Colleague: 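Sharing a structure below in structure tokens format, with a few things to ask.
Throughout, protein chains are lettered first and strands after them, A, B, ... in sequence-line order, and every chain is numbered starting at 1. The structure presented is a predicted model; accordingly, all values stated were derived computationally and were not measured.
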Amino acid sequence: MVVQPPKCVSPIQSAIVTGELKAEVADDSQHLMVSTDCKAEKSPRIVSKYGRKGIKTEQKQPKEPEESSMQRRASARIQAKQKADKELLVRRRVELLDEQDDGGNETKSRSKRSRVTENVVKEEVVEEEKRDITAPKSKLDESTKLESKAKVKGSEENVDSKNGGGNLVEKSDTLKVKQTLRLFNKHYLHLVQEEEQRCRKVEADRKVSKKGSKSKKGAPPEDIKNPSKRPDLKALSKMMENNEILYPEKRIGNIPGIKVGHQFYSRAEMVAVGFHSHWLNGIDYMGQSYRKGLEHSKYTFPLAVAIVLSGMYEDDLDNAEDVVYTGQGGHNLTGDKRQIRDQVLERGNLALKNCIEQRVLVRVVRGHESASSYTGKVYTYDGLYKVVNYWAEKGISGFTVYKFRLRRLEGQPTLTTNQVYFTNERVPQSAAEIRGLVCEDITAGQEDIPIPATNLFDDPPVAPTGFTYCKTIQVSKNVKLPAEGTGCNCKGVCVDPRSCACALRNGSDFPYVSRDGGRLIEAKDVVFECGPNCGCGPGCVNRTSQRGLRYRLEVFRTAKKGWGVRSWDFIPSGAPVCEYTGILTRADDLDRLDYANDNNYIFEIDCLQTMKGVGGRERRSQDASLADIDLLDKSDDQNSESAPEFCIDAGSTGNVSRFINHSCEPNLFVQCVLSSHHDLKLARVMLFAADNIPPLQELTYDYGYALDSVCGPDGKIKQMHCFCGAAGCKKRLF
DNA sequence: GCGGGTCAGAGGTAT
DNA sequence: ACCTCTGACCCGCGC
């Protein structure tokens, strides 16, 4: 659990950080178990255990006694970097202050700049798309061919890389899918917010009209009806408009980056990546228009590429490996969901029939009812199926239906019960069901929801010890919290972004939507929440991160990474997971003490770094929050050293977040939040869900080391292995 | 609180 | 112009 300043983009800054504060960290693997359990580590019994686990010993190898003290002295390289960094920072500061000075003008130039950045990104995407389209598409008439194709694709997969800020960043297909889904979620949440505002307005209007003219019974409800405007579909439209659909062309066979077992949380997600190009149709097929394409000249169209089994057709039969799929048409779409007409061999039905003759494989997705999703439904990709044969018969309702027998292609990952019938069966329902329980509640009752710890790796299983749980941040003696900031004058809950002072700080917007108990729409430089001096109550959406734990978390022993954290509940993207708590200390004070103590739990509060950070979700480009606020001169005063002034030290005291591991492709991101005061240097550090996170997936965030940023006492670059296991893992933590 | 009823929604496909 | 059937709201039912 080495905690870094999250996401240091500037290598210089990270060099300073890593070179100084993190020096001792170098020997520990990314939050190895070692550090998570001080007592255990000291116990001879446990030490021998570590010895047995070869990996751990290896990781410990680089530890040399002189390291910690010596690394404190910055190497020449670091010093040079420091200098450059300072200059950069000063320049940035000047820019920011300038912007502040000429108000509107500035904002303009600012947004312009961000637009430029956007364009660059877009161009890259377009480039990728071009490549995808022009890439030779092998035709697969046989499963063997298909498999070889898959292999070829697979090897191509990691080749394409993106040059981001001088760092060569590999972009795996998995990551592309992830980013596309994040983009979708971002659009979605924006539109949910619009929708929520619209509904509120409608509600308010309704109240007014009720009060104003009770006699007018037949007052036209107008748009009061049907408040649902499908933000999911709107998000798709937006993505199409922006050319953000990952694979806009339909494809036969597997889609790069989407493995068997992949879970989609709505039909719209499948459209966003191009896995199934319609949010409503069951059968996705290539129509006549694909006839023109050279690479498809030998096929007869229409040709099915993907189907969704949602159990909606009364005549469907689903036996996992063998499926009898009812064709489309003749269905009473609303109401009783029965057949009301004969089906005809056309459209999707014809497309499936053509698959038989031409031996084209079809992707099969199953829909399941599940609490583990914001829609209450989960769609799992169950792999490629061969359409074996088809026939017409009289269905249950007495109308002609077409039936297609599909058989699952062999050699694909096993279809587990869990995938076919998606349930939370692995999630314990009570304490008695927890396997390997070593501690019923590490919070000792402090949190509303207990956090158990489990250990299935050690013998005997140890519990995490050596720290005191504290739900909220503790302030050390040398730190004085700034005076409480002024708040907004809203009553009850904040709703109007034009009048709420806190919303204005966020760029005249609320950073959260109300849906699902509050979700952050996208990562921001800093989020201004309502605080103690605000007129609103605890139910205000702009206090989303102040409500404590919302999900049932578990601290569990991992194979290679010490302790880790996962959730038993589904966590929707943008939901707050936990705050990083500990002792709020001056970085200077820590310097002296903590190296001796091998403290790997220091989180440096540095919004500037976090702001410029990568990973997590793309941050709002037109974000004006920084330019508007007076906070800059507070955080930006004369002391222009780049090192952060304050840290959160969770070494001896902290909450569940001290157990969260690093990952190169994380599912959480760090967000600085200001609520009780407006001093950036003392912002609260919150972890939010970057993706929709299924139950039991380990929670991770990017510790943010820049590669080659850590130097040893000899000035040589130090390296540490990363065990996150992500497809795009950089293999090194630094 | 749950479950069935209701309906707009929007791109693809064919006419 | 037509086809597709999801997602989320609405309302009435039973507890």
Side-chain angles (χ1 to χ4, degrees), chain A residues 184 187-189 191-192 194-196 198-200 202-203 206 221-245 247-251 264-272 274-292 301-316 325-352 354 365-371 373-379 401-402 513-516 572 692:
Chain A
F184 169 78
H187 289 314
Y188 173 78
L189 288 174
L191 293 159
V192 165
E194 260 176 40
E195 188 57 21
E196 284 178 355
R198 196 185 62 82
C199 289
R200 257 197 301 272
V202 168
E203 192 79 11
R206 187 188 287 169
E222 298 190 31
D223 57 345
I224 290 176
K225 238 182 83 184
N226 290 313
S228 162
K229 286 283 194 278
R230 299 297 297 260
D232 54 335
L233 303 185
K234 287 263 164 61
L236 285 182
S237 297
K238 190 152 219 167
M239 288 184 77
M240 283 171 189
E241 195 182 307
N242 300 350
N243 280 326
E244 290 165 344
I245 303 290
Y247 301 112
E249 292 268 302
K250 295 189 196 211
R251 293 168 166 230
F264 295 97
Y265 298 100
S266 75
R267 291 290 306 267
E269 279 194 0
M270 291 187 232
V271 183
F275 187 84
H276 187 299
S277 59
H278 204 279
W279 57 272
L280 198 44
N281 287 5
I283 305 169
D284 187 23
Y285 61 97
M286 295 167 147
Q288 299 300 337
S289 62
Y290 281 81
R291 206 172 26 186
K292 293 165 205 152
F301 289 92
L303 209 48
V305 293
I307 61 170
V308 177
L309 285 105
S310 45
M312 156 152 206
Y313 277 79
E314 58 193 5
D315 295 311
D316 273 353
Y325 189 74
T326 309
Q328 60 185 199
H331 197 261
N332 180 10
L333 303 174
T334 58
D336 57 5
K337 293 173 182 167
R338 316 209 82 194
Q339 292 299 130
I340 51 166
R341 250 177 291 129
D342 285 343
Q343 288 187 348
V344 184
L345 194 60
E346 57 177 19
R347 295 172 179 272
N349 299 346
L350 187 57
L352 276 172
N354 285 338
V365 175
R366 281 186 175 79
H368 313 272
E369 297 287 322
S370 170
S373 165
Y374 67 98
T375 56
K377 247 183 171 175
V378 159
Y379 297 88
V401 289
Y402 281 90
V513 298
S514 312
R515 186 166 293 199
D516 305 314
N692 289 317

Colleague: Drop me the distance from A:Phe275's CZ to A:Asp284's CG, to the nearest 0.5 angstrom.
Modeller: 10.0 Å
Colleague: Roughly how far, to the nearest 0.5 Å, is the CD atom of A:Glu196 from the CD atom of A:Glu194?
Modeller: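 Result: 11.0 Å between the selected atoms.
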Colleague: What integer distance in Å separates A:Leu191:CG from B:dA10:P?
Modeller: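 One finds 11 Å between P of B:dA10 and CG of A:Leu191, rounded.
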Colleague: Quick one, A:Tyr290 with A:Leu303, criterion side chain to side chain contact (heavy atoms under 4.5 Å, CB included). Give me CA distance, side-chain angles, the key distance, then yes/no.
Modeller: CA-CA 9 Å; A:Tyr290 281 81; A:Leu303 209 48; over 6 Å; no
Colleague: By nearest nucleotide on DNA chain C, pick out whichever of A:Gly329 and A:Ala268 is the more 5' one.
Modeller: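 Mapping each residue to its closest nucleotide by heavy atoms, the 5'-most match is A:Gly329.
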Colleague: In whole Å, what is the span from the CD atom of A:Glu369 to the P atom of B:dG4?
Modeller: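 For the pair A:Glu369 CD and B:dG4 P, the rounded distance is 11 Å.
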Colleague: Determine the contact category for A:Tyr379: base if any of its heavy atoms lies under 4.0 Å from a base atom, sugar-phosphate if only primed atoms, P, OP1 or OP2 are that close, otherwise nothing.
Modeller: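 Sugar-phosphate, backbone atoms only, no base.
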Colleague: Where each residue is assigned the nucleotide of DNA chain C containing its nearest heavy atom, which of A:Arg515 and A:Glu346 is assigned the position nearer the 5′ end?
Modeller: A:Glu346
Colleague: Which range-with-range stems can be found for DNA chain C when each stem has 3 or more Watson-Crick or G-U pairs in a row and both distances sit under 3.5 Å?
Modeller: B:1-8 with C:6-13, B:10-13 with C:1-4
Colleague: Categorize A:Gly282 for me: base, sugar-phosphate, or nothing, with a 4.0 angstrom heavy-atom threshold over every strand shown.
Modeller: sugar-phosphate
Colleague: With a non-hydrogen cut-off below 4.0 angstrom, is A:Tyr188 in contact with a base, only sugar-phosphate, or nothing?
Modeller: sugar-phosphate
Colleague: So which heavy atom on A:Pro302 is nearest to which on A:Leu350, and how close?
Modeller: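 The answer is CD-CD2, 3.9 Å.
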Colleague: Looking at the side chain of A:Asp232, which of C:dG7, C:dT4, B:dA10 is the nearest nucleotide?
Modeller: C:dG7
Colleague: How long is the line joining CG of A:Leu280 and P of C:dC3, in whole Å?
Modeller: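 From A:Leu280 CG to C:dC3 P: 13 Å.
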Colleague: Can you tell me how far C1' of C:dG7 sits from CD of A:Glu269, to the nearest Å?
Modeller: 14 Å
Colleague: Would A:Arg198 and A:Glu195 count as a salt bridge (Lys or Arg N to Asp or Glu O under 4.0 Å) if you check the C-alpha gap in whole Å, the side-chain angles of each, and the deciding distance to 0.1 Å?
Modeller: CA-CA 5 Å; A:Arg198 196 185 62 82; A:Glu195 188 57 21; 2.9 Å; yes
Colleague: Just how far, in rounded Å, is P of C:dC5 from CZ of A:Arg341?
Modeller: 12 Å
Colleague: Rounding to a whole Å, what distance do you find between A:Arg230:CZ and C:dC5:P?
Modeller: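 Value for this atom pair: 14 Å.
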Colleague: How long is the span from the NE2 atom in A:His278 to the OH atom in A:Tyr285, to the nearest 0.5 Å?
Modeller: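 Between atom NE2 of A:His278 and atom OH of A:Tyr285 there are 10.0 Å.
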Colleague: What verdict does the side chain to side chain contact (heavy atoms under 4.5 Å, CB included) test give for A:Tyr402 and A:Val344, after you've listed the backbone C-alpha separation in whole Å, the side-chain angles of each residue and the deciding distance to 0.1 Å?
Modeller: CA-CA 8 Å; A:Tyr402 281 90; A:Val344 184; 5.5 Å; no
Colleague: Who pairs with A:Asp516 by salt bridge (charged side-chain N to carboxylate O under 4.0 Å, His left out), at least two apart in sequence or on another chain?
Modeller: A:Arg519
Colleague: Ignoring hydrogens, what is the shortest heavy-atom contact between A:His187 and A:Glu244? Give both atom names and the distance.
Modeller: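 Here A:His187 and A:Glu244 meet closest at NE2-OE1, 2.8 Å.
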Colleague: To the nearest Å, how far apart are A:Gln339 CD and C:dC3 C1'?
Modeller: 14 Å
Colleague: When rounded to the nearest 0.5 angstrom, what is the spacing between OH in A:Tyr188 and CE in A:Met239?
Modeller: 14.5 Å
Colleague: Could you give the NZ-to-P distance, from A:Lys234 to B:dA8, as a whole number of Å?
Modeller: 14 Å
Colleague: Shorter than 3.5 Å, N or O on both sides, protein versus nucleotides 12-15 of chain B: list them out with atom names.
Modeller:
from	atom 1	to	atom 2	distance (Å)
B:dT13	OP1	A:Lys250	NZ	2.9
B:dT13	OP1	A:Tyr285	O	2.7
B:dA14	OP2	A:Gln288	N	3.2

Colleague: Is A:Lys229 close enough to B:dA8 that one of its side-chain N or O atoms is under 4.0 Å from OP1 or OP2 there?
Modeller: no
